[in-house]
Undergrad: 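Quick one: structure below, then a few questions.
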Amino acid sequence: MIQFEKFTLTNGLRVIVHRDSSTPMAVMNIMYDVGARDENPERTGFAHLFEHLMFGGSVHIPNYDSPLQMAGGENNAYTTNDLTNYYIQLPAENLETAFWLESDRMLSLAFSEKSLDVQRKVVCEEFKEHYLTKPYGDAWHKMRELAYKVHPYRWMTIGKELSHVENAKLEDVKNFFFKYYCPVNAVMVVAGNVTTEKVKSLAEKWFGEIPSGEKLGHNLPQEPEQTEEHRLEIKARVPLDALYKCWHIYSRTDRRYYITDLITDILSGGGSSRLYQSLVKEKKLFSNIECYHFGSTDSDLLCIEGKLIKGISVKEAEKAVEAELEKLKNQRVGEAELQKVKNKIESTIAFEDMSLVNRANSLAYYELLGDASWINTELEKYSAVTPEDILQESRNIFRDSNCSTLYYLSES
């Protein structure tokens with residue numbers, strides 16, 4: 001059980017305090033309720049660009065990293081389609097440095113053509129390196145466009161097109177910042193060797209007078225139910241043919257999320273999983289194969305992707321995948337196999353909870369989803385899943401009309 005206390009400042013900033021006196025360290029995690037799904041379809045990649053811009057200095061602190069390093073701290077950040085997260089870890093005695101740094105950039109990020117130009121180049125290079133020139137790099141750009149027709153999950157966090165970031169104007173960037181980077185749209189978690197009284201005092205001092213901003217919510221177009229199979233074939237200079245198959249599943253807050261998470265582990269949770277044993281080890285059709293989902297807040301995708309052994313036809317490989325899915329749709333999974341994947345998830349959660357940074361991140365994430373206390377009920381939700389649930393959801397998910405398939409074939 002992870003203990004925490006929670007309070008909200010008058011400007012709407014939600015603050016969660018998790019005390020762990022066994023460590024000399026403290027973590028500050030600030031999660032903003034904005035991701036790539038909130039972008040204008042004609043100006044994508046802004047949430048990720050902003051993750052970079054936030055380290056370009058604020059009005060009173062031109063260099064973010066130097067004072068943090070002097071305080072013995074380190075920091076990082078990440079962006080997804082759903083959220084943007086920043087975190088600092090430093091000795092607890094220097095906690096106020098984190099409040100000073102984070103409050104200044106929430107209140108007064110330094111906007112300049114120079115900073116934008118530098119970070120725009122960094123992001124553009126990342127786009128080119130990982131998504132344009134890397135083998136299979138554009139596969140998920142293509143797959144998202146294939147699977148989603150309406151919802152903004154149809155583009156990647158990096159952006160839909162390179163030109164959107166290349167053409168980002170300072171005014172566009174400022175508008176994005178003032179719309180989303182405000183107290184009412186953020187959750188702060190302070191964890192480690194801290195007290196609630198101290199955190200409350202520092203939060204009031206450094207964040208209390210920042211204007212609250214406007215709580216916008218997410219008025220996003222919802223993806224309609226897919227009613228026919230989507231297919232696409234690409235030829236490119238890649239070493240091996242690859243197969244990608246996706247099915248629409250549920251939002252992160254739906255109870256069926258836990259069923260589908262267990263399904264992905266039954267199919268692909270390590271060397272003893274079904275897809276690996278049958279298609280890699282026994283039939284030698286794939287050099288590797290994975291089944292996973294993105295854990296997206298809204299309607300998610302369950303994916304199977306694999307690289308084929310040279311000489312195997314993609315149609316033969318696809319038929320073998322479908323045969324494995326038919327087994328899952330027609331035969332109840334055994335109690336022992338289901339318990340094995342439940343045990344794996346339990347050990348994963350326990351391992352993640354050992355890290356103070358992970359605990360702080362999880363508390364912020366569950367609060368953003370709906371309630372920080374959900375961090376303590378995850379295992380119960382997995383434990384409640386039955387073989388019948390796995391059978392019914394496999395039948396519901398793995399339908400041809402719900403599937404998008406991408407053949408990514410080698411030109412050579």
Side-chain angles (χ1 to χ4, degrees), residues 8-15 26-35 38-39 43 45-79 83-90 94-124 165 167-190 198-216 364:
T8 304
L9 300 185
T10 53
N11 59 13
L13 179 66
R14 287 170 280 172
V15 183
V27 170
M28 175 184 277
N29 191 107
I30 298 185
M31 191 172 283
Y32 291 92
D33 192 8
V34 57
D38 300 295
E39 295 164 345
R43 291 192 180 98
F46 272 51
H48 177 251
L49 175 62
F50 235 97
E51 177 202 316
H52 289 259
L53 283 169
M54 285 285 273
F55 293 98
S58 50
V59 170
H60 304 104
I61 309 166
N63 186 319
Y64 179 89
D65 285 323
S66 292
L68 182 59
Q69 286 165 2
M70 286 173 67
E74 57 185 22
N75 70 90
N76 215 328
Y78 64 87
T79 313
L83 58 89
T84 311
N85 193 60
Y86 300 87
Y87 58 95
I88 290 174
Q89 184 168 22
L90 76 178
N94 295 333
L95 179 61
E96 191 160 8
T97 300
F99 275 88
W100 170 59
L101 288 167
E102 289 297 333
S103 65
D104 201 59
R105 63 178 181 176
M106 184 187 283
L107 174 66
S108 53
L109 194 67
F111 294 101
S112 71
E113 290 288 358
K114 183 185 174 186
S115 175
L116 175 57
D117 196 42
V118 168
Q119 299 306 332
R120 186 168 44 207
K121 282 177 181 167
V122 169
V123 173
C124 286
V165 174
N167 298 327
K169 302 284 189 292
L170 195 59
E171 196 58 34
D172 298 332
V173 167
K174 281 185 180 179
N175 291 340
F176 192 85
F177 176 80
F178 289 115
K179 188 174 181 180
Y180 294 109
Y181 281 71
C182 52
V184 78
N185 206 43
V187 174
M188 176 199 291
V189 177
V190 182
K198 175 80 169 171
V199 171
K200 194 172 277 190
S201 167
L202 289 172
E204 290 286 2
K205 175 181 176 181
W206 289 103
F207 286 86
E209 294 184 18
I210 299 176
S212 67
E214 186 183 347
K215 187 66 179 167
L216 297 165

Undergrad: So how far is it from N76 CG to F55 CZ, rounded to the nearest 0.5 Å?
TA: 6.5 Å
Undergrad: Would the distance check show the side chain of N94 and the main-chain N or O of A71 forming a donor-acceptor pair, the cut-off being under 3.5 Å?
TA: yes
Undergrad: Work out which heavy atom in F207 is nearest to a heavy atom in I30; give both atom names and the distance.
TA: CZ-CD1, 4.0 Å
Undergrad: Find out whether V189 and M31 are in side-chain contact, i.e. whether some heavy atom of one side chain is under 4.5 Å from a heavy atom of the other.
TA: no
Undergrad: Identify the heavy atoms of A203 and V15 that sit nearest to each other, and give their distance.
TA: CB-CG2, 4.5 Å
Undergrad: Taking side-chain contact (heavy atoms from CB on, under 4.5 Å) as the test, write out the residues that go with S201, two or more places apart.
TA: none
Undergrad: Side chains of L107 and P211: closer than 4.5 Å at any heavy-atom pair?
TA: yes
Undergrad: For the OG atom of S103 and the CE atom of M28, what is their distance to the nearest 0.5 Å?
TA: 8.0 Å
Undergrad: Would you name the heavy atoms of G35 and A47 that are closest together and state the gap between them?
TA: C-CB, 3.7 Å
Undergrad: Does a salt bridge link D117 with K114, judged by any charged N lying under 4.0 Å from a carboxylate O?
TA: no
Undergrad: For I61 versus P67, what's the shortest heavy-atom pair and its separation?
TA: CG2-CG, 4.1 Å
Undergrad: With side chain to side chain contact (heavy atoms under 4.5 Å, CB included) as the test, would you mind laying out the steps for E74 and L68 before giving the verdict?
TA: CA-CA 7 Å; E74 57 185 22; L68 182 59; 5.7 Å; no
Undergrad: State, with a plain yes or no, whether a side-chain heavy atom of L49 is found less than 4.5 Å away from one of L116.
TA: yes
Undergrad: Hey, could you give me each pair passing salt bridge (Lys or Arg N to Asp or Glu O under 4.0 Å) that has a residue in residues 99-113? Not counting sequence neighbours.
TA: E102-R105
Undergrad: Within the structure provided, determine whether I88 and Y64 are in side-chain contact (heavy-atom separation under 4.5 Å).
TA: yes
Undergrad: With a 3.5 Å distance limit and no angle check, can you tell me whether T84 reaches the backbone of V34 through a side-chain donor-acceptor pair?
TA: yes
Undergrad: With side chain to side chain contact (heavy atoms under 4.5 Å, CB included) as the criterion, how do L109 and M54 come out once you've worked through the C-alpha distance, each side chain's angles and the decisive distance to 0.1 Å?
TA: CA-CA 7 Å; L109 194 67; M54 285 285 273; 3.9 Å; yes
Undergrad: For the CG atom of L202 and the CE atom of M188, what is their distance to the nearest 0.5 Å?
TA: 9.0 Å
Undergrad: Applying side chain to side chain donor-acceptor pair (under 3.5 Å), can you list everything that pairs with E51, at least two apart in sequence or on another chain?
TA: T79
Undergrad: Between N29 and A364, what is the shortest heavy-atom contact and its length?
TA: ND2-CB, 3.7 Å
Undergrad: Take D38 and F176, measure what side chain to side chain contact (heavy atoms under 4.5 Å, CB included) needs, and give me the verdict at the end.
TA: CA-CA 10 Å; D38 300 295; F176 192 85; 5.5 Å; no
Undergrad: Heavy atoms, side chains only, cut-off 4.5 Å: are L216 and N185 in contact?
TA: no
Undergrad: Passes side chain to side chain contact (heavy atoms under 4.5 Å, CB included), N75 versus D65? Steps please.
TA: CA-CA 8 Å; N75 70 90; D65 285 323; 3.0 Å; yes
Undergrad: For residues 168-181, which residue pairs qualify under salt bridge (Lys or Arg N to Asp or Glu O under 4.0 Å), counting only residues two or more places apart or in two chains?
TA: R43-D172
Undergrad: Any non-hydrogen side-chain atom of S115 less than 4.5 Å from a side-chain atom of L53?
TA: yes
Undergrad: Please give me the minimum heavy-atom distance between L95 and A26, naming the atom from each residue.
TA: CD1-CB, 4.1 Å
Undergrad: Return the set of residues passing side chain to side chain donor-acceptor pair (under 3.5 Å) with K205 (not counting sequence neighbours), or none when no residue passes.
TA: E96
Undergrad: Is any side-chain heavy atom of E204 closer than 4.5 Å to one of L9?
TA: yes
Undergrad: With sequence neighbours left out, what residues match F177 under ring pair (Phe, Tyr, Trp, His ring centres under 6.0 Å)?
TA: F50, F111, Y181
Undergrad: For residues M106 and W206, determine if any side-chain heavy atom of one lies less than 4.5 Å from a side-chain heavy atom of the other.
TA: no
